[in-house]
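For reference, the structure is listed below as structure tokens.
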Amino acid sequence: MKHVVKLRIVNMIGCTLFIIYGFMLPTVRVGLPIIIANAAIFCVNFYYAFLKKN
């Protein structure tokens, strides 16, 4: 792929939307795995897109 950073940005947007979705679920117990998983994926994408220097 030529533009991996663009793919990571799109994935971060998707993760953000899923985190919001997790908070909108009726109980935190149901949404907590969604929130944790997508927050972790967001952090990994953020690291590789902006913080890691080649």
- prompt: Are L51 and I9 joined in one hydrophobic group, where the rule is that I, L, V, M, F, W and Y side chains link up if heavy atoms are under 4.5 Å apart?
  reply: yes
query: Can you list every side-chain hydrogen bond (donor to acceptor under 3.5 Å, both in side chains) pair that touches residues 10-22, not counting sequence neighbours?
result: none
query: Mind checking whether Y47 and I13 sit in one hydrophobic cluster, side chains of I, L, V, M, F, W, Y counted as touching below 4.5 Å?
result: yes
- prompt: What distance do F23 atom CZ and I35 atom CD1 have between them, rounded to the nearest 0.5 Å?
  reply: 4.0 Å
field: M24: hydrophobic cluster co-members (side-chain, 4.5 Å)
entry: I20
statement: Closest heavy-atom pair, M12 versus F50, reported as atoms and distance to 0.1 Å, is CE-CE1, 3.4 Å
- prompt: Mind checking whether Y48 and L7 sit in one hydrophobic cluster, side chains of I, L, V, M, F, W, Y counted as touching below 4.5 Å?
  reply: no
Which pairs would a plain distance check flag for residues 38-45, meaning a side-chain donor or acceptor within less than 3.5 Å of a matching protein atom at least two apart in sequence or in another chain?
{"residue": "N38", "atom": "ND2", "partner": "I34", "partner atom": "O", "Å": "2.9"}
{"residue": "N45", "atom": "OD1", "partner": "R8", "partner atom": "NH1", "Å": "2.8"}
{"residue": "N45", "atom": "ND2", "partner": "I41", "partner atom": "O", "Å": "3.2"}

- request: Answer with yes or no whether the hydrophobic clustering places L25 together with F18; edges join I, L, V, M, F, W, Y residues whose side-chain heavy atoms lie under 4.5 Å apart.
  value: yes
